[in-house]
Amino acid sequence: MQNDLLLKAARGEETERVPVWLMRQAGRILPGYRKVRASVKDFTELVKTPELACQVTLEPVHVLGVDAAIIFSDILVIPEAMGLPYQMLESKGPWFEKTIKTAKDIEALHIGNTEDWEYVVNALKLTRKELGDKLPLLGFAGSPWTIFAYMTEGSGSKTFSVAKKMIFSEPELAHSLLDKITTTTIRYLKDQVKAGADLVQIFDSWGGILGHDTYYEFSLKYIARIVDELSPLVPVTAFPKGAYFASEQLAKLNCRVIGLDWAINAADARKTFGNKTLQGNMDPCLLYANETSIRKATHNMIQSFGTRNYIANLGHGVYPDTPVDHVKCFVDAVKEYKAQ
Ligand code: CP3
């Protein structure tokens, strides 16, 4: 591969410089994305049209000069594959007409198969072909707990009290749903690898709403199952947003890379995670600051993490109203970094 910085860093090998990409790089920050998005009926049409998904995936590579492409898709492909379709409401986010409430609802869910996500497989194959061996292509999925949260709540939530009600009042039911989601997600990620994904990231976006004990039982245990199945195939990144309280347990995951949010101090993370590769963790809101501040914060971040076993990124997805020039400044600042 011509630029294999990210894969080398993910495997723990030495690199000529720190690799960089951004979560949500293939989205509304880019004018090309907004144009393609305006040309389709809705978000799901874009996700389900491989030519458009491929075009949108490649735009940040051309415009921002990032060191990896992440396939344009969504974590909600999984609930839909299992029989729970979603809509992406304009400026509101995901919405499910049906939600999971009972054992019967769980029994009715289907364990997904290749034909349920063929459009993602085709988008990956096409993107792999277009990228050639220029850059790594990243695949992804939501963590079982994060998918569980959407399937039970039916949308985002401030408290996730519906999802949490099930784990506390009907834990066996909750485990049966998490088990089905996990089995489906393993198949899904294996298909992504077959179709050309060089690394896969598991987004545990709502891990942080659980507590120390519940995190292990309802999220980490299931992430571990996925990691154990995928790690022999490709490097795996676990991104446990807001779940730093569980870092000692997270450190035992059999994955090479841990994604960090901005709440975490680099020195503490290095101590906890040993020789794993760390990815992150600038506050996405820092990209609203001026370019001098962005450059300085980026260099400080790299200095704190060190250049080995490190992938520069934000601590969560880039916000859609971030000026593209500021995003580009972040990417360039990583590339310019010289160790002091
Ligand atoms: O560039 C990339 O990172 C690849 C594409 C990507 C999208 N969603 C596209 C998208 C990825 C990796 C995701 C993951 C995802 N989706 C997560 C995990 C990451 C995270 O941010 O924690 C979650 C929780 C979702 C669910 C989801 N999808 C929500 C809550 C929303 C609405 C909020 C928002 O940002 O508007 C989406 C919509 C979505 N997914 C958009 C994009 C580009 C915006 C919708 C649009 O264009 O209309």
Side-chain angles (χ1 to χ4, degrees), residues 6 9-12 18-24 75 138 140-149 160 163-164 167 174 178 181-182 185 189 199-231 234-286 297-298 300-317:
L6 185 133
R11 291 191 297 251
V18 168
V20 56
W21 69 284
L22 290 92
M23 290 184 275
R24 295 285 177 112
I75 62 168
L138 315 184
F140 70 92
S143 74
W145 162 251
T146 293
I147 298 302
F148 173 101
F160 285 93
K164 289 173 84 170
I167 66 167
L178 286 163
I181 298 169
T182 304
T185 303
L189 288 174
L199 175 152
V200 294
Q201 175 155 327
I202 302 163
F203 286 91
D204 195 11
S205 304
W206 304 122
I209 62 161
L210 291 170
H212 188 267
D213 299 336
T214 46
Y215 187 73
Y216 176 75
E217 190 183 345
F218 295 96
S219 189
L220 190 60
K221 216 167 73 180
Y222 294 96
I223 295 176
R225 245 173 76 188
I226 300 174
V227 164
D228 288 345
E229 291 269 354
L230 270 295
S231 280
V234 286
V236 179
T237 302
F239 174 56
K241 170 82 179 59
Y244 187 48
F245 55 80
S247 35
E248 274 174 34
Q249 291 172 327
L250 284 159
K252 293 183 196 145
L253 278 176
N254 179 25
C255 63
R256 268 297 312 152
V257 189
I258 298 282
L260 305 173
D261 63 62
W262 60 88
I264 303 163
N265 168 282
D268 289 345
R270 283 287 180 213
K271 246 184 262 157
T272 313
F273 291 110
N275 72 350
K276 284 198 194 305
T277 295
L278 299 179
Q279 172 177 280
N281 73 340
M282 186 183 282
D283 188 328
C285 291
L286 218 146
T298 307
N300 285 343
M301 173 176 82
I302 302 175
Q303 187 140 23
S304 318
F305 279 101
T307 53
R308 184 81 193 258
N309 287 347
Y310 180 54
I311 298 167
N313 203 314
L314 302 179
H316 202 189

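Model, not experiment: these values are computed from the prediction. Values below: all heavy atoms of this structure, side chains included; hydrogens, waters and symmetry mates excluded.
Note that CG of Leu220 is 13.5 Å distant from CH2 of Trp145, once rounded to the nearest 0.5 Å. With rounding to the nearest 0.5 Å, the separation of CG in Leu278 from OG1 in Thr237 is 10.5 Å. To the nearest 0.5 Å, the span separating CH2 on Trp21 from CG on Leu314 amounts to 9.5 Å. Annotation: the span from Ile202 atom CD1 to Ile223 atom CD1 amounts to 6.5 Å, rounded to 0.5 Å. Annotation: the span from Thr146 atom OG1 to Ile75 atom CD1 amounts to 6.0 Å, rounded to 0.5 Å.
Between Phe239 and Phe203, the ring-plane angle classifies as perpendicular under the 30° and 60° cut-offs.
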Throw together a table of side-chain donor-acceptor distances under 3.5 angstrom for residues 252-267, partners on residues two or more places apart or in other chains.
unit_1: Asn254; atom_1: ND2; unit_2: Asp228; atom_2: OD1; d: 3.2
unit_1: Arg256; atom_1: NE; unit_2: Ala10; atom_2: O; d: 2.9
unit_1: Arg256; atom_1: NH1; unit_2: Asn275; atom_2: O; d: 3.1
unit_1: Arg256; atom_1: NH2; unit_2: Asn275; atom_2: O; d: 3.3
unit_1: Arg256; atom_1: NH2; unit_2: Thr277; atom_2: OG1; d: 2.7
unit_1: Asp261; atom_1: OD1; unit_2: Ala263; atom_2: N; d: 2.8
unit_1: Asp261; atom_1: OD2; unit_2: Gly242; atom_2: N; d: 2.7
unit_1: Asn265; atom_1: OD1; unit_2: Ala267; atom_2: N; d: 3.0
unit_1: Asn265; atom_1: OD1; unit_2: Asp268; atom_2: N; d: 2.9

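The closest side-chain heavy-atom distance from Pro284 to Leu22 is not below 4.5 Å.
Heavy atoms of other residues, nucleotides or ligands lying less than 6.0 angstrom from OH of Tyr216 number 12 at most.
Between Thr214 and Ile167 the shortest heavy-atom distance is CG2-CD1, 4.1 Å. Nearest heavy atoms, Gly12 versus Arg308: O-NH2, 2.7 Å. Closest approach of Gln201 and Met23 over heavy atoms only: NE2-SD, 3.6 Å. Taking each heavy atom of Tyr222 and Thr182 in turn, the nearest pair found is CD2-OG1, 3.2 Å. Between Pro19 and Ala9, the closest heavy-atom pair is CG-CB, 3.7 Å. Here the shortest heavy-atom pairing between Leu250 and Phe273 reads CB-CE2, 3.9 Å.
Residues passing the ring pair (Phe, Tyr, Trp, His ring centres under 6.0 Å) test with Phe160 are Trp206, sequence neighbours excluded. In this structure, the ring pair (Phe, Tyr, Trp, His ring centres under 6.0 Å) partners of Phe245, at least two apart in sequence or on a different chain, are Tyr215. For Ser219, the side chain to side chain donor-acceptor pair (under 3.5 Å) criterion is met by Asp204, not counting sequence neighbours. For Arg11, the side chain to side chain donor-acceptor pair (under 3.5 Å) partners are Glu13, not counting sequence neighbours. By the salt bridge (charged side-chain N to carboxylate O under 4.0 Å, His left out) test, Glu217 pairs with no residue at all, sequence neighbours left out.
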Run the side-chain contact (heavy atoms from CB on, under 4.5 Å) check on Leu138 and Leu6 step by step: do they pass?
CA-CA 10 Å; Leu138 315 184; Leu6 185 133; 3.9 Å; yes

Would you check, one step at a time, whether the test side-chain contact (heavy atoms from CB on, under 4.5 Å) holds for Arg270 with Asn309?
CA-CA 10 Å; Arg270 283 287 180 213; Asn309 287 347; 3.9 Å; yes

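Proximity of a side-chain donor or acceptor of Tyr310 to a complementary backbone N or O of Gly280 within less than 3.5 Å is detected.
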